[in-house]
Amino acid sequence: MQTLNANQVDSTIMEEAGKIIRAGGLVAFPTETVYGLGGDALNPESSKKIYAAKGRPSDNPLIVHISKWESMALICTDIPKEAELLAKTFWPGPLTMIVNKSDSVPYETTGGLDTVAIRMPDHAVALAFIEAAGGYIAAPSANTSGKPSPTLARHVRDDMNGRIEMILDGGEVGIGVESTIVDLTGGTPTILRPGYITKEMLLRVLDEVDSDVTLMRCDTNQAPKAPGMKYRHYAPKGALTLVEGEPDEVVNVVNQKIAEAKERGEKTGILCTDETFAQMKADVVKSAGSREDEHEIARRLYRILREFDEEGVTVIYSESFSREGFGQAVMNRLLKAAGYTVIRE
Ligand code: TXA
Ligand code: MG
């Protein structure tokens, strides 16, 4: 594992990382959202290796990471005007755009689709690495398929040890949930995965923005447009249930459910907030931060879900959070982690 300071990126390490990618190997790297598992996006063998290392179904496409706008020309057939507008405002940053792919991008990278997801991350280490590796890095989140995404290099090591050539350690990530994905390939731009860049922020640049109907519910017959969103995901090993309602009610229900689980011999965990922490009773109680600060909650979420695993927790109850703005991204991940198991008070 190579430790790097984002303010002073070591060029020798970058050169080494670049060489590994050019030779068809894999390197994990930090971004502002979560750690990515990088390979050469234009090399079909590298993409196959990424799927194998993650244990990921091969119909679930990868995101191509670039370090400069000019790189778009090689990988998409036409650049929609919305892409240009969005890039000016949000790149580098936590926004992924779906456009039509060119022949340079192998189907192994796009999971067989004629479209490609592209993003320019806002992280000095990521940008230097992409540059050193030739400009096109295919990277999913660097977790074993189905597990919470890594927000620390240690998480990557836990999941990927021995399966990849190098891990670049840039410390804890800043945002903690994956990028917003916007589809620009047909009609109204559509959010396929919510993230730090909210619909409201996109509407400052675009006239119209839709959201995929499957984002916050499982009771539709439609398949999500981002293939990855159909899988149970971001999930700890313990059985997770969300509880929605007034804070006092939620505390009562959670404590009651936990008491029942304890009687069955389960090791219990609660994911709560600073406001309710003192009232919660379980073997392991963890606060994600203040209810007022959804950015802090997002930053801590995956780490806490992994800690429940590390501590052998078998049953977890969690508070719910606001579904407005960036809160929608947090709730989208929690709902998937819980397999949509929700108690509404
Ligand atoms: O923040 C992020 O986006 C992180 C960091 C590493 O950049 N990456 C990430 O990648 O979250 P991954 O592979 O875990 O999630 C990519 C998502 C999947 O849900 C996938 O189905 C969707 O993007 N996706 C990729 N290409 C697509 C395409 N052409 N059409 C629709 N969805 C696509
Ligand atoms: Mg992922």
Side-chain angles (χ1 to χ4, degrees), residues 26-39 41 47 50-51 53-67 75-76 90-102 105-123 125-127 129-130 137-151 153 155-156 159-160 168 170 173-186 189-197 212 214-215 223-235 298 302 329 332-333 336-337:
L26 305 183
V27 174
F29 63 102
T31 79
E32 78 280 37
T33 56
V34 299
Y35 275 77
L37 175 56
S47 293
I50 292 176
Y51 287 106
K54 276 181 70 84
R56 172 167 172 148
S58 60
D59 68 344
N60 188 0
L62 309 174
I63 296 174
V64 178
H65 294 64
I66 58 174
S67 59
I75 51 177
C76 46
F90 298 112
W91 275 4
L95 179 70
T96 295
M97 304 190 225
I98 312 278
V99 298
N100 291 314
K101 86 170 189 70
S102 75
V105 185
Y107 283 114
E108 283 77 1
T109 300
T110 65
L113 298 176
D114 287 313
T115 56
V116 59
I118 309 176
R119 133 169 160 84
M120 191 192 294
D122 186 13
H123 195 293
V125 173
L127 292 170
F129 163 59
I130 296 164
I137 291 290
S141 49
N143 51 287
T144 300
S145 191
K147 284 224 290 179
S149 296
T151 58
H155 298 155
V156 180
D159 285 13
M160 294 295 152
L168 299 173
V173 299
I175 292 178
V177 296
E178 305 80 355
S179 61
T180 306
I181 301 180
V182 184
D183 184 0
L184 301 177
T185 60
T190 303
I191 297 176
L192 306 189
R193 179 174 73 181
Y196 180 87
I197 307 288
D212 188 16
T214 64
L215 287 189
K225 288 193 189 126
M229 300 302 276
K230 71 179 175 240
Y231 299 105
R232 181 165 183 255
H233 225 150
Y234 319 117
Y302 289 149
N332 166 272
R333 305 311 192 274
K336 291 213 184 301

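Position 1 is the first residue of the sequence, and the numbers go up from there. All values below were derived from every heavy atom in this structure, side-chain atoms included, with hydrogens, water molecules and symmetry-related copies excluded. Just so you know, ligand 1 is whichever comes first in the structure, and atom 1 is the first atom listed for that ligand.
- Within ligand 1, counting atoms from 1 as listed, the ones closer than 4.0 Å to a heavy atom of Ile63 are 3 (O), 8 (N), 9 (C), 10 (O), 16 (C).
- Contact annotation: Lys101 has no heavy atom less than 4.0 Å from any atom of ligand 1.
- Heavy-atom proximity to Ser179, at under 4.0 Å, picks out these atoms of ligand 1: 1 (O), 2 (C), 3 (O).
- Not one N or O of Glu178 is nearer than 3.5 Å to an N or O of ligand 1, by distance alone.
- Close approach of ligand 1 to Arg56 (heavy-atom distance below 4.0 Å) involves ligand atoms 12 (P), 13 (O), 14 (O).
- When the heavy-atom distances from atom 17 (C) of ligand 1 to Ile181, Val105, Thr115 are ranked, the shortest goes to Ile181.
- Here His123 has no heavy atoms under 4.0 Å from ligand 1, in either its backbone or its side chain.
- Within the coordination shell of the Mg ion (ligand 2), defined by N, O or S atoms under 2.8 Å, Asn143 is absent.
- Of all the listed residues (Ser145, Ser141, Pro94), Ser141 holds the heavy atom that lies closest to atom 14 (O) of ligand 1.
- Shown in contact with Ala117 at under 4.0 Å from a heavy atom are these atoms of ligand 1, numbered in order with element: 25 (C), 26 (N), 27 (C).
- Of the N or O atoms in Lys54, none lie within a sub-3.5 Å distance of an N or O in ligand 1.
- Close N/O approach between Thr33 and ligand 1 is found [any backbone or side-chain N/O within under 3.5 Å].
- Close approach of ligand 1 to Gly36 is summarised as follows: ligand atoms under 4.0 Å from at least one heavy atom of the residue are 6 (C).
- At a 3.5 angstrom cut-off on N or O pairs, Arg193 counts as close to ligand 1.
- With respect to Arg119 and Glu178, no salt bridge is recorded, no charged nitrogen being found less than 4.0 Å from a carboxylate O.
- No donor-acceptor contact under 3.5 angstrom links the side chains of Thr33 and Ser179, judged on distance only.
- Summary of contacts: the protein heavy atom closest to atom 7 (O) of ligand 1 is His65 NE2, 2.7 Å.
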